[in-house]
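No hydrogens, no waters, no symmetry mates; every other heavy atom, side chains included, goes into these values. Computed from a predicted model, the values in this text were never measured in an experiment.
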Amino acid sequence: MKKGSLTSTILGLMLTLILLSSGLATFSIINLSYSLGDAKAINASGSLRMQSYRLMFYANSGSDEADEKIEEFENTLYSDALKRSQAWYSSQASTDQYFLVIEKWKVMKYYIQQENSRIYAAALKDFVDTIDLLVLETEHHAAFKIKLLAASQIFGLGLMLFIAFLAVRFTKKKVVIPLHKLMESANTISKGNFDIKMPPTDYVELSALSNALESTAKELSTLYKDLESQVKEKTFALTRANDELTLLYDNLVMLHSGTLDIDTLKQALNQLKAHEPHTFLRLVICQGDEEDRQVIEADGGWPLAASNRLNYPLKFEDNELGYLEVVSSQPLNHLLLENFAIMLARSIVIYNAGEQKQQLALMEERGVIARELHDSLGQLLSFLKIQVNLLSKGLDSACRSPQVEEQLSEINEGVNTAYVQLRELLSTFRLTIKDPNLSHAIEAMLEQLRSQSNVTISLDYKLPLQLLGAHQHIHVLQLTREATLNAIKHADAKHIHIRCFMSSDSEVTINISDDGVGIEQLRERDQHFGIGIMHERASRLSGIVEFSSNPEGGTTVTLTFPPQQEPS
């Protein structure tokens, strides 16, 4: 259906009211303009009656005064006020009565001119009655025009009120109610509810307004849904970021709150796997050769046939410690995994630095002790050696006897043995560890011993990185050096093999095996070779040291202790 224009309809109603009111006003003005001479006509008609009676006194006089009265009568009869009775807007009865008065006047004038007063008097009553009828018709016609004016005003006012009523009813039904519904829809939109239904309308303007409001509501609904979706996405992203930060913070606190061992690293991997349940994780630490690498897997194992592996390097500043290996069937959170790998690398580097600092502190302390021993006990032993030699040379032949010679020999041997052990102890105390990697420290120590003898010394190191503490590094290094020196100097060994490995999940084993003279001869000279000192070092590691014979000959020194124990 073709829709009309609301403005054209309202304009039409306004024009109708304006035209109707203008027509009524125009009709009233015209009616009043034609009624302006009615009073004069009535007065003139009444004057004709009076003049008719006065003319009767001049009917027999024949004087000039009679002619003046006749002229005066005719001036009144033919005046403009009475001539209006001949106009088109006058009634036919008024026109006929006017012409009848004129005809009878001509007769009455003739009677006056003939000076026949008796006949004039006889006809006067009929003439006056004719004039009275003219006055009456004039009055009736004037009253009719007034009634017509009143009727037209009443009709026009009624018609205007009717049109105004129709206009108000039309405006309320077609304009006010739709606009009210549009306002309700606008209020509904302002409250965030965009599911609205626009009222139907027959007009272009209201339809355009409804369509614009409906289109705006749809656009706002779409925009609102997009904003809700964005808010949900941002909230999810912030929640996930908060969870990731919490994960990184908790793991950072855990890694720095205690000893950084395999269990701690595995616990960190398990927490990461709990946050990313669709992944398989393992940590590969290889600070040295690829053969020395250590693999720590998260709970759930590691898939054997994994083609889509991703590695995140454990790199912090200039330190490359290995990589975090990930397998997943779903998209990965690369930023989290990169930050996690950086956090692990940072924790390991900081822990290594702390361990190295502790080791350096221990070595510095032992260096101070070594200097004190060298300055005090070493000088005292040298003094005793000199005094024993002087005593041996100063004894005359009378005082010498086999028993005295034997005692002097034993004293001299004891002082020499004490001096040798002191020098070995000072050498042990002066060992330095500049690398937190125990494998490198042992290899450096063995290289020093290789340069001082022709013994073949080999090392098989299979201990994971970050397994032992700084104080354990010192004791293991000193005990290994002590056992290796004993094998070189006192067991006459040609080959020495050192093996470091995990004998169980909770025990570390160090084997120093040689092809020397065997355990029996070593036991006979226990006090000479510092075996008791090795037992003391093992006890400080909360472990034990054992001596056993090899099937092919020689001795094996076995140190067994738990990793990462605080020194007793």
Side-chain angles (χ1 to χ4, degrees), residues 1-50 73-103 105 130-179 201-208:
M1 182 179 67
K2 186 176 180 181
K3 295 184 179 181
S5 173
L6 178 62
T7 54
S8 299
T9 304
I10 294 176
L11 181 61
L13 289 173
M14 293 177 66
L15 288 176
T16 301
L17 290 174
I18 291 172
L19 291 175
L20 182 58
S21 61
S22 300
L24 288 174
T26 303
F27 179 77
S28 300
I29 292 172
I30 294 173
N31 192 314
L32 289 173
S33 66
Y34 286 134
S35 299
L36 290 176
D38 290 344
K40 291 182 178 181
I42 294 172
N43 290 332
S45 300
S47 175
L48 288 178
R49 287 185 301 181
M50 186 61 66
F73 186 89
E74 286 184 348
N75 289 334
T76 303
L77 179 61
Y78 295 112
S79 65
D80 292 335
L82 291 178
K83 280 184 178 181
R84 292 174 72 253
S85 300
Q86 302 178 48
W88 61 271
Y89 51 81
S90 298
S91 64
Q92 186 63 38
S94 298
T95 302
D96 293 343
Q97 193 66 30
Y98 177 68
F99 283 122
L100 182 61
V101 171
I102 292 174
E103 292 295 332
W105 164 248
T130 302
I131 293 174
D132 288 338
L133 287 176
L134 177 62
V135 173
L136 183 61
E137 289 296 332
T138 303
E139 291 178 351
H140 287 169
H141 184 60
F144 170 75
K145 288 191 285 184
I146 293 173
K147 290 179 181 179
L148 182 61
L149 178 61
S152 65
Q153 292 295 323
I154 292 173
F155 175 76
L157 181 60
L159 184 60
M160 290 178 67
L161 290 175
F162 179 72
I163 294 175
F165 173 76
L166 291 179
V168 171
R169 186 181 180 88
F170 166 82
T171 305
K172 181 179 180 180
K173 182 178 180 181
K174 300 294 184 179
V175 180
V176 175
I177 293 177
L179 285 176
T201 178
D202 300 330
Y203 297 100
V204 176
E205 293 85 352
L206 294 179
S207 296

From [X] atom [atom1] to [Y] atom [atom2], the distance as rounded to the nearest 0.5 Å:
{"X": "His141", "Y": "Leu136", "atom1": "NE2", "atom2": "CG", "value": "13.5 Å"}
{"X": "Trp105", "Y": "Thr130", "atom1": "CH2", "atom2": "OG1", "value": "13.5 Å"}
{"X": "Phe162", "Y": "Leu166", "atom1": "CZ", "atom2": "CG", "value": "4.0 Å"}
{"X": "Ile177", "Y": "Lys172", "atom1": "CD1", "atom2": "NZ", "value": "6.0 Å"}
{"X": "Leu149", "Y": "Ile154", "atom1": "CG", "atom2": "CD1", "value": "9.5 Å"}
{"X": "Ser79", "Y": "Leu48", "atom1": "OG", "atom2": "CG", "value": "7.5 Å"}

Heavy atoms only: give me the nearest [X]-[Y] pair and the separation to one decimal.
{"X": "Thr138", "Y": "Ser45", "answer": "OG1-OG, 4.4 Å"}
{"X": "Ser94", "Y": "Leu134", "answer": "O-CD1, 3.8 Å"}
{"X": "Leu133", "Y": "Gln97", "answer": "CB-NE2, 3.3 Å"}

With the side chain counted from C-beta on, respond yes when Glu137 and Tyr98 share a heavy-atom pair under 4.5 Å apart, and no when they do not.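 A side-chain contact under 4.5 Å is absent here.
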
Under the side-chain contact (heavy atoms from CB on, under 4.5 Å) test, which residues partner Leu157, sequence neighbours left out?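 If we apply the side-chain contact (heavy atoms from CB on, under 4.5 Å) test to Leu157, skipping adjacent residues, the hits are Leu161.
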
Under the side-chain contact (heavy atoms from CB on, under 4.5 Å) test, which residues partner Ser21, sequence neighbours left out?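 Scan of Ser21 (side-chain contact (heavy atoms from CB on, under 4.5 Å), adjacent residues dropped) gives Met160.
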
Apply the test side-chain contact (heavy atoms from CB on, under 4.5 Å) to residues Phe155 and Leu24: give CA-CA distance (whole Å), side-chain angles for both, the deciding distance (0.1 Å), then the verdict. CA-CA 9 Å; Phe155 175 76; Leu24 288 174; 5.6 Å; no

Return yes if some donor-acceptor pair links the side-chain N/O of Thr16 with the main-chain N/O of Gly12 below 3.5 Å, else return no.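 The answer is yes, because a donor-acceptor pair under 3.5 Å joins these two groups.
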
Greater than 12 external heavy atoms within 6.0 Å of Phe144's CZ: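 Check fails, neighbour count at 12 or below.
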
